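Predicted model, so just to flag it, every value in this text is computed and none were measured. Below, each value reflects all heavy atoms present in this structure, side chains not excepted, and no hydrogens, waters or symmetry copies.
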Amino acid sequence: MLSDQQRAALTARLRNNRRTREAAVGPVVELSAGGGMPVFAPHAVGGSVHEYAALARQLDGICRLYGITASGLRAGQRPGASLAEMATRYAQLIRRAQPDGPYRLIGWSMGGVLAYETALRLVDGGARVALVALVDTPARTVASYAGSEEALAALFVADAVRDSGGEAPICGRLPVPDQLDALAKHLTGGGNDTEALRDELDRRYAVFAAHTAALAGYRPTTALPADAVLIGCEGSVDSTADWATMFRGTVTVARTVGDHYSCLRPPWIADIAQAIRDRL
């Protein structure tokens, strides 16, 4: 399923959030320390922002990339219940981090939907949004992502594994706790920290379930007065034409041969970063 290196990397991300930089600084995470204009990147369906690390390195010196992590990843937190709730909160967080516009946002997958919805709320609040970059972001989502809890847990496992470059296991018929137990044991090799990682997986699965429910049946409805960079990926449904109608500014469309999960890793991330740099 995963190589030893991939397993170690995924385990490190999924361990107790008290050990992570995200937990130390709160929901807005500075992903690049260089100078330049601030740019904000909301999380994808899993809730964390590690996916943007390579992009932050590519854009270092041009902008300061800030990730926005989801509620629910830490003990005692509740996952966001709707896209509207999340976007409203993220607009507030962005304005707190950058009191004055213009604002620039980047989002991959569900993060693109949140970037667009958050930008709408910034505009509704009287702010100017200069640019929104959407990377392989769906404009029309299915009414339901899974027909059962077991199938949804299998999607969660697959999403986590594919994000690390491995192949998704076939385990959709197992009860949810058994799937999460198997993933925790696989990642830790059955070591002493399996229980702590299992607690982390419970929280992350709850976030994943809430986010897939919020995203199901999504359609953008309001044209945004901003420029856009729309990037489609090989093997994904091309939503760039649908998104192009939702911006009242200059729209740039690009494609990469990287797939939905590999596009934010080398070598394909260079293509995406270049398309964004050209507009920043």
Side-chain angles (χ1 to χ4, degrees), residues 27-29 31-32 37-56 58-59 63-71 80 82-91 93-94 97-98 102-123 129-141 159 163 207-208 211-212 214-215 218-220 222 224 226-233 236-240 242-244 246-247 249 251-256 258 260-261 263-265 268-269 271-273 275-277 279-280:
V28 179
V29 182
L31 299 175
S32 57
M37 66 192 77
V39 179
F40 298 89
H43 61 82
V45 70
S48 62
V49 294
H50 67 268
E51 298 96 341
Y52 297 116
L55 180 61
Q58 291 278 336
L59 298 178
C63 70
R64 298 192 310 278
L65 188 63
Y66 294 89
I68 303 177
T69 62
S71 178
S82 68
L83 292 175
E85 175 188 314
M86 287 181 267
T88 298
R89 177 171 177 260
Y90 299 163
L93 290 172
I94 288 172
Q98 180 190 344
Y103 296 98
R104 297 165 180 86
L105 297 92
I106 294 173
W108 167 72
S109 195
M110 181 185 177
V113 170
L114 287 169
Y116 164 82
E117 292 291 335
T118 300
L120 285 176
R121 282 149 180 84
L122 288 168
V123 170
V129 174
L131 181 70
V132 176
L134 306 183
V135 181
D136 211 32
T137 297
R140 299 174 180 273
T141 65
D159 189 76
D163 181 42
V207 168
F208 179 86
H211 289 176
T212 52
L215 189 60
Y218 175 78
R219 303 286 188 276
T222 304
L224 180 67
D227 293 346
V229 176
L230 309 176
I231 301 170
C233 294
S236 297
V237 174
D238 188 355
S239 297
T240 56
D242 287 329
W243 278 117
M246 304 310 300
F247 290 90
V251 175
T252 300
V253 177
R255 289 197 65 80
T256 176
H260 185 69
Y261 290 92
C263 68
L264 290 185
R265 298 193 296 267
W268 316 121
I269 186 59
D271 297 334
I272 292 173
I276 294 172
R277 275 200 303 267
R279 295 307 307 276
L280 287 176

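Atom CD1 of I276 is separated from atom OG1 of T252 by 11.0 Å, given to the nearest 0.5 angstrom. In this structure, CD on E117 lies 10.0 Å from OG on S82, to the nearest 0.5 angstrom. L31 CG to C63 SG: the interatomic distance, rounded to the nearest 0.5 Å, is 10.0 Å. For the atom pair CG of L122 and CD1 of I94, the computed distance is 5.5 Å after rounding to the nearest 0.5 Å. Expressed to the nearest 0.5 Å, how far CG of L131 lies from CG of D227 amounts to 6.5 Å. Once rounded to the nearest 0.5 Å, the distance linking CG of D159 with OG of S109 reads 7.5 Å.
Taking the side chain as every heavy atom from C-beta outward, L134 and F247 approach each other to under 4.5 Å. Using a 4.5 Å heavy-atom threshold, the side chains of L280 and V39 count as touching. When side chains are defined from C-beta on, V45 counts as touching F208, because their heavy atoms get closer than 4.5 Å.
Smallest separation of non-hydrogen atoms from Q98 and Y103: O-OH, 2.6 Å. Contact between A214 and M86 at its shortest, heavy atoms only, is CB-CE, 4.0 Å. The nearest pair of heavy atoms linking P102 to A130 is CB-CB, 3.8 Å. The nearest pair of heavy atoms linking A70 to V207 is CB-CG1, 4.3 Å. Scanning both residues, P138 and V113, for their nearest heavy atoms gives O-CG2, 3.6 Å. Contact detail for A273 and L59: the closest heavy-atom pair is O-CD2, 3.9 Å.
At distances below 3.5 Å, at least one donor-acceptor pair connects side-chain atoms of Y52 with backbone N or O atoms of P42. S71 contributes no side-chain N or O that, together with a main-chain N or O of G80, makes up a donor-acceptor pair within less than 3.5 Å. Within the 3.5 Å criterion, the main-chain N or O of T141 finds a donor-acceptor partner in the side chain of R219. No donor-acceptor pair under 3.5 Å is formed between the side chain of R255 and the backbone N or O of D238. Between the side chain of T240 and the main chain of L230, no donor-acceptor pair closer than 3.5 Å is present. Of the possible polar contacts, none joining the Y116 side chain to the L224 backbone as a donor-acceptor pair under 3.5 Å is found. Within the 3.5 Å criterion, the main-chain N or O of C263 finds no donor-acceptor partner in the side chain of W108. Listed for the R279 side chain is no donor-acceptor partner under 3.5 Å among the backbone atoms of A275.
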Under the side-chain contact (heavy atoms from CB on, under 4.5 Å) criterion, do T212 and M110 qualify, and how do the steps go? CA-CA 9 Å; T212 52; M110 181 185 177; over 6 Å; no
Walk me through it: do H43 and V49 pass the test side-chain contact (heavy atoms from CB on, under 4.5 Å)? CA-CA 5 Å; H43 61 82; V49 294; 4.2 Å; yes
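Ring pair F40/Y66 is parallel by interplanar angle, where below 30° counts as parallel and above 60° as perpendicular.
Using a 4.0 Å cut-off between a side-chain N of Lys or Arg and a carboxylate O of Asp or Glu, R89 and E85 do not qualify as a salt bridge.
Of the candidates T88, I68, T118, I68 is the only one forming a side chain to side chain contact (heavy atoms under 4.5 Å, CB included) with L93.
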